[in-house]
A.B. asks: 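Dumping the structure here so I can ask a few things about it.
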Amino acid sequence: MKYDFKAIEKKWQQRWEQEGTFYAKEDHTLPKFYPLIEFPYPSGQGLHVGHPRSYTALDLVARKKRMEGYNVLYPIGWDAFGLPAENYAIEHKVHPKTVTEKNIQNFRRQLKALGLSFDWSREVNTTDPEYYKWTQWIFLKLYEKGLAYKANMDINFCTSCKVGLANEEVVNGVCERCGSEVVRREKEQWMLKITEYADRLIQDLDTVDYIERVKIQQKNWIGKSFGADIRFPIEGTREELLVYTTRPDTIYGATYMVISPEHPLITTLREGIENLAEIKVYQEEARKKSDFERTELNKDKTGIQIKGFHARNPISEQLIPIFVSDYVMMSYGTGAIMGVPGHDQRDYDFAKAFGLDIIEVISGGDISKEAYTGDGVLVNSPLINGMKVKEAIETMISHIEDRQLGYKKTNYKLRDWVFSRQRYWGEPIPIIHCEHCGTVPLEEKDLPLILPEVESYETAEDGSSPLAKIEEWVNVTCPKCGGPAKRETDTMPQWAGSSWYFLRYTDPHNHEAFSSQENLDYWLPIDWYNGGMEHTTLHLLYSRFWHKVLYDVGAVPTAEPYAKRTSHGMILGENGEKMSKSRGNVVNPDEIIENFGADTMRLYEMFIGDFEKSVSWTENGVKGAKRFLDRVFKLPQWVRDETGYSEDLEVLIHQTIKKVSHDYEHLKANTAVAQLMTLVNEYYKRKSITRDEMKILLILLNPVAPHVTEEIWEKTGYPDTIAEQKWPQYLEEKTKEDTVELAVQFNGKVRFKIVVERSASGSEIEKMVLAHERFNEFTGGKAVAKVIVIPERLVNIVLK
RNA sequence: GCCGAAGUGGUGGAACUGGCAGACGCGUCGGACUCAAAAUCCGAAGCUCUUCGGAGCGUGGGGGUUCGAGUCCCCCCUUCGGCACCA
């Protein structure tokens with residue numbers, strides 16, 4: 001009989017669909033398990049072979065947990081708003097909805113062909129008004145809480161997409177999506193106050209089980225630092241300059257000050273600035289520079305002194321010059337710094353370029369060569385001389401606070417989230433601007449605010465959203481005063497819909513709420529979330545933020561959405577490069593399934609290597625996986641009508657149950673599969689196995705290769721289906737042989753081996769070794785200094 | 001520059017708290033089957049010497065701790081990921 005994977009896979013997929021085999025149950029008395037994968041963006045390219053790596057890994061766990069009696073919710077949906085569909089629509093003059101729908105159908109077909117045990121009855125789609133109604137509802141909650149606000153600010157603006165970008169979306173100074181140049185532009189934008197949650201987003205990482213590098217990356221991204229804000233008076237005026245520093249201990253070394261080109265002080269002092277015209281030129285140049293130029297290309301320090309004013313160092317009381325330079329950013333701290341060239345390399349470079357004084361205040365380095373940033377003893381600092389850095393910082397901060405010269409301060413690198421997009425294919429922001437009442441939120445009963453039809457999807461030349469062109473949609477009457485008003489025409493970014501989708505899965509057809517309290521109480525938190533490292537500082541942080549807001553308004557029962565987070569490595573092309581059309585190394589999952597079958601595809605991706613690392617695809621590897629399934633398929637010919645395990649196979653079988661059970665749940669399916677291969681190799685040597693030996697193999701292999709194992713199960717005449725079986729248990733005492741082979745080493749080199757009872761004591765083993773016929777062969781006439789016996793491992797004879 | 005991960009045969013990768021390095025797969029070689037090939041089945045194999053008994057060397061490089069190090073400590077090199085004039 002031939003292994004006809006096409007027929008087999010089709011048959012079982014139909015059966016699972018008809019019977020709803022993998023639907024989550026509404027029975028809340030059962031123990032629950034909620035694994036989650038990042039729902040895909042249904043792109044026009046179709047499924048990438050990388051998608052199934054993550055999906056299959058959690059599918060193994062989902063299937064195993066079901067067999068262990070858990071009520072499992074393993075859902076799937078579509079993150080379907082976003083730029084690619086819109087750009088395609090612009091180019092081909094079709095509605096993004098049409099494109100999206102087509103892509104979803106394709107993705108659905110491809111995913112179903114993989115036999116993943118998703119609960120297809122709970123599919124969600126972020127572009128469905130029934131879904132985005134609740135995305136808008138959450139926005140209103142953010143607005144009510146004062147966490148959504150409109151601000152006129154410098155934003156990152158993509159010159160090609162004509163859209164404002166969050167800092168997170170600017171990569172190396174270019175747009176993450178299209179790779180075009182990003183410039184700074186002032187625009188009124190909706191912002192979300194994620195910074196208000198910065199501390200909790202750090203702190204609560206201690207309460208969740210994320211892989212360490214995710215935690216570290218999030219912490220670095222939030223970038224919390226401790227220091228002080230210190231006031232430097234401007235001599236001869238009532239103005240002062242507030243600076244943020246993490247090193248108040250170095251204040252005696254502050255020989256100048258720098259403000260960023262956007263700093264308001266320039267305007268405040270304009271009357272008295274002698275070289276105002278020059279400064280304006282510098283400001284203009286800085287404004288034109290993109291962030292990319294300002295940071296990447298222009299490491300050489302530029303700047304200009306503000307003539308006519310000096311600041312007074314509040315501690316040393318010396319008068320020091322003030323400069324404008326673009327190496328200081330308005331967006332961090334106070335937009336002004338004290339320049340300490342002796343102990344900060346950037347300040348050092350600047351001082352060298354402008355011939356400013358460099359004073360050593362911490363000993364230990366050589367400031368004639370470079371800034372010294374290490375620890376040491378304070379010098380040239382009357383108040384804190386002789387102290388070490390840590391003590392000096394504390395002493396100086398309390399001194400400053402006592403004299404009211406400043407105060408302790410914590411800063412974050414994290415900025416508020418730029419939430420507006422001047423694009424069509426996103427959720428409309430449910431806000432009305434009334435001339436009389438100002439900003440008026442829509443009422444809940446008016447949700448969803450449906451995305452209207454437009455004629456063209458392009459962003460207008462002035463940078464406003466395509467929605468702005470639809471007058472009959474934009475012009476409304478104010479819900480408060482009934483006067484003339486206009487709708488907000490910006491839409492939300494793609495991150496909106498994906499910030500809460502996992503909540504909708506728990507109750508996807510609810511019309512009254514995004515989910516019932518009861519379902520949320522039962523299903524949350526997500527037990528295990530697997531996804532890509534690229535989402536660590538974007539999606540993962542945003543969704544944690546939204547979840548905390550919802551927690552604060554009492555809408556969800558947990559402070560954190562995900563109890564556990566893991567990450568998968570990428571699958572690269574055969575040449576070791578990222579798969580892409582232009583490199584011509586793209587592997588199409590459809591072809592693999594067509595030629596080798598879904599089970600082979602799943603098995604291969606699980607066996608390919610370390611789950612967390614990137615790996616190259618190899619066609620030969622796929623063939624190897626297929627070969628293994630072929631071997632399994634031929635096993636029934638050797639099944640003899642007998643139950644139980646052969647005595648000499650029992651240990652291997654218990655070891656296999658143990659290893660496979662453990663490895664599936666620790667993302668080590670590669671070694672689980674290796675163990676199953678070992679078992680099958682053993683069956684092949686015997687050419688005769690019992691019904692139970694066949695059965696255990698099928699159950700253990702089922703999560704990886706569900707179709708073929710069900711088929712063999714049925715054909716071999718076992719009752720019911722594997723999906724209905726209980727996950728097997730192993731007995732620890734049966735995972736070990738009665739006798740063990742020990743290596744006997746002489747000075748660390750293995751010379752011979754002995755076989756002993758596992759229960760043999762150290763002294764018994766030692767006696768056996770010393771009495772061994774080959775013992776004297778290796779002593780070389782030397783005396784034995786020591787005998788080290790490691791039970792079940794080895795014996796080491798140390799010779800003098 | 002800073003933070004993080006990783007360097008193991010021809011190759012992808014195994015190796016629990018330090019305890020026989022190289023499981024399992026791919027590729028290679030040999031055998032069986034075949035007119036032949038493919039497929040399949042069985043077997044061999046880290047490298048270098050070898051008098052065919054075996055001996056030596058081996059986990060990026062150099063030191064160290066230990067009876068014993070892929071694993072722990074110090075220094076260095078390389079690759080990948082993230083951040084980056086963040087004061």
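Residue numbers start from 1 in every chain, and the chains themselves are labelled A, B, ... in the order their sequence lines are given, proteins ahead of strands.
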A.B. asks: Taking only N and O in the side chain of Asn670(A), is any of them less than 4.0 Å away from OP1 or OP2 of rA14(B)?
C.D. replies: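 Answer is yes, contact under 4.0 Å.
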A.B. asks: Before we go on, tell me: are the rings of Tyr327(A) and Phe350(A) under 6.0 Å apart, centre to centre?
C.D. replies: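 Ring centroids of Tyr327(A) and Phe350(A) are less than 6.0 Å from each other.
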A.B. asks: For atom C1', what is the distance between rU11(B) and rU71(B), given to the nearest Å?
C.D. replies: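 Rounded to whole Å, the distance is 24 Å.
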A.B. asks: Output yes when Glu240(A) and Arg231(A) qualify as a salt bridge under the 4.0 Å nitrogen-oxygen rule, no when they do not.
C.D. replies: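 Salt bridge flag = yes for Arg231(A) with Glu240(A).
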A.B. asks: Is there a donor-acceptor pair under 3.5 Å between the side chain of Asn313(A) and the backbone N or O of Thr255(A)?
C.D. replies: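 No; judged by distance alone, with no hydrogens or angles, the pair does not exist.
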A.B. asks: Rounded to the Å, how far apart are Leu676(A) CG and rA23(B) P?
C.D. replies: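 Spelled out: CG on Leu676(A) to P on rA23(B) is 18 Å.
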A.B. asks: Between rG9(B) and rA5(B), how far apart are the C1' atoms? Round to whole Å, please.
C.D. replies: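 One C1' to the other, the span is 23 Å.
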A.B. asks: Searching all strands shown, indicate the nucleotide that pairs with rA15(B) (Watson-Crick or G-U wobble; both distances under 3.5 Å).
C.D. replies: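 Its partner: none found.
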A.B. asks: Between rA23(B) and rG13(B), how far apart are the two C1' atoms, rounded to whole Å?
C.D. replies: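 Straight-line distance between the two C1' atoms is 10 Å.
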A.B. asks: Would you kindly compare Gln217(A) and Arg627(A) by the position of their nearest RNA chain B nucleotide and give the one closer to the 5′ end?
C.D. replies: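 Mapping each residue to its closest nucleotide by heavy atoms, the 5'-most match is Arg627(A).
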A.B. asks: To the nearest angstrom, how far is Glu792(A) atom CD from rU17(B) atom P?
C.D. replies: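 So the two atoms are 17 Å apart, to the nearest Å.
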A.B. asks: Among the candidates rC57(B), rC85(B), rC24(B), find the nucleotide nearest to the side-chain atoms of Asp326(A).
C.D. replies: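 So the side chain of Asp326(A) is nearest to rC85(B).
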A.B. asks: Rounding to an integer number of angstrom, what distance separates rG56(B) and rC75(B) when you compare their P atoms?
C.D. replies: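 Pairwise P distance, rG56(B) against rC75(B), rounds to 34 Å.
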A.B. asks: To the side chain of Asn681(A), which of rC85(B), rC24(B), rC41(B) is closest?
C.D. replies: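 Output: rC24(B).
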A.B. asks: Using the side-chain heavy atoms of Val750(A), tell me which of these nucleotides is nearest: rG56(B), rC20(B), rA23(B).
C.D. replies: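 Ranking rG56(B), rC20(B), rA23(B) by closest atom to the Val750(A) side chain puts rC20(B) first.
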A.B. asks: Could a donor-acceptor pair under 3.5 angstrom be found where the side chain of Lys623(A) meets the base of rC26(B)?
C.D. replies: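 No.
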A.B. asks: Record whether the side chain of Asn796(A) comes under 3.5 Å of the base of rC67(B) through a donor-acceptor pair of N or O atoms.
C.D. replies: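 Looking at the base of rC67(B), it does pair with a donor or acceptor on the side chain of Asn796(A) (distance under 3.5 Å).
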A.B. asks: Mind checking Phe350(A) for me? I need base, sugar-phosphate or nothing, with any heavy atom below 4.0 Å counting as a touch.
C.D. replies: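 The answer is nothing, as Phe350(A) stays clear of every strand by at least 4.0 Å.
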A.B. asks: Side chains of Asn530(A) and Ser54(A): any donor to acceptor distance under 3.5 Å?
C.D. replies: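 Side-chain D/A pair, Ser54(A) to Asn530(A): present.
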A.B. asks: My understanding is that a pair needs two contacts under 3.5 Å, Watson-Crick or G-U wobble. By that rule, which nucleotide pairs with rU34(B)?
C.D. replies: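 By the stated definition (distances under 3.5 Å), nothing pairs with rU34(B).
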A.B. asks: Quick one: look up who rC72(B) pairs with, Watson-Crick or G-U, both distances under 3.5 Å, and put none if it's unpaired.
C.D. replies: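 Pairing partner, where one exists within any strand: rG64(B).
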A.B. asks: When you match Asn620(A) and Arg751(A) each to their closest nucleotide on RNA chain B, which lands nearer the 5' end?
C.D. replies: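 So the residue in question is Asn620(A).
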A.B. asks: rA87(B), OP1 or OP2 - any side-chain N/O from Tyr332(A) closer than 4.0 Å?
C.D. replies: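 Yes, because at least one side-chain N or O of Tyr332(A) sits under 4.0 Å from OP1 or OP2 of rA87(B).
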A.B. asks: In Watson-Crick or G-U wobble terms, both distances under 3.5 Å, what is the partner of rG4(B)?
C.D. replies: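 Pair assignment: rG4(B) / rC80(B).
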A.B. asks: Charged N to carboxylate O below 4.0 Å: is that the case for Asp630(A) and Lys634(A)?
C.D. replies: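 Answer for the salt bridge query: no.
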A.B. asks: With a 3.5 Å cut-off and no angle check, do the side chains of Thr600(A) and Tyr3(A) form a donor-acceptor pair?
C.D. replies: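 Absent: no donor and acceptor within the cut-off.
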A.B. asks: Using only heavy-atom distances, determine whether the side chains of Glu757(A) and Thr739(A) contain a donor-acceptor pair under 3.5 Å.
C.D. replies: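 There is no such pair (donor and acceptor under 3.5 Å, judged by atom type) between the side chains of Glu757(A) and Thr739(A).
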A.B. asks: Considering only atom P, compute the distance from rG81(B) to rC76(B) and round it to an integer number of Å.
C.D. replies: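 It works out to 23 Å between them.
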A.B. asks: Between rC42(B), rA87(B), rG19(B), which nucleotide gets closest to the side-chain atoms of Arg631(A)?
C.D. replies: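 Among rC42(B), rA87(B), rG19(B), the one nearest the side chain of Arg631(A) is rC42(B).
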A.B. asks: Please report the distance, rounded to the nearest Å, between CD1 in Ile608(A) and P in rC24(B).
C.D. replies: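 Taking CD1 of Ile608(A) and P of rC24(B), I get 20 Å after rounding.
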A.B. asks: Measure from CZ on Phe628(A) to P on rU40(B) and round the result to the nearest Å.
C.D. replies: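 From Phe628(A) CZ to rU40(B) P: 14 Å.
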A.B. asks: Compare the minimum distances between each of rC20(B), rU40(B), rG12(B) and the side chain of Phe607(A), then state the nucleotide with the smallest one.
C.D. replies: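 Nearest to the side-chain atoms of Phe607(A), counting from C-beta on, is rG12(B).
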A.B. asks: Counting primed atoms plus P, OP1 and OP2 as sugar-phosphate and everything else as base, spell out the protein contacts along nucleotides 1-10 of chain B at 4.0 Å heavy-atom distance: B, S or - for each nucleotide, 5' to 3'.
C.D. replies: --SS------
A.B. asks: Does rU28(B) have a Watson-Crick or wobble mate here (both distances under 3.5 Å), and if so which one?
C.D. replies: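 rA44(B) is the nucleotide pairing with rU28(B).
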A.B. asks: Within this structure, what is the CD1-OH distance for the pair Ile689(A) and Tyr683(A), rounded to the nearest 0.5 Å?
C.D. replies: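 Reported to 0.5 Å precision, the distance equals 5.5 Å.
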A.B. asks: Taking only Lys NZ, Arg NE, NH1 and NH2, and the carboxylate oxygens of Asp or Glu, determine whether Glu619(A) and Lys623(A) approach each other closer than 4.0 Å.
C.D. replies: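 Salt bridge flag = no for Lys623(A) with Glu619(A).
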A.B. asks: Return the value, rounded to whole Å, for the distance between atom OH of Tyr327(A) and atom P of rC85(B).
C.D. replies: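 Those two atoms, OH and P, are 13 Å apart.
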A.B. asks: Of the listed nucleotides (rA87(B), rA23(B), rG25(B)), which one gets closest to any side-chain atom of Thr671(A)?
C.D. replies: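 Nearest listed nucleotide: rA23(B).
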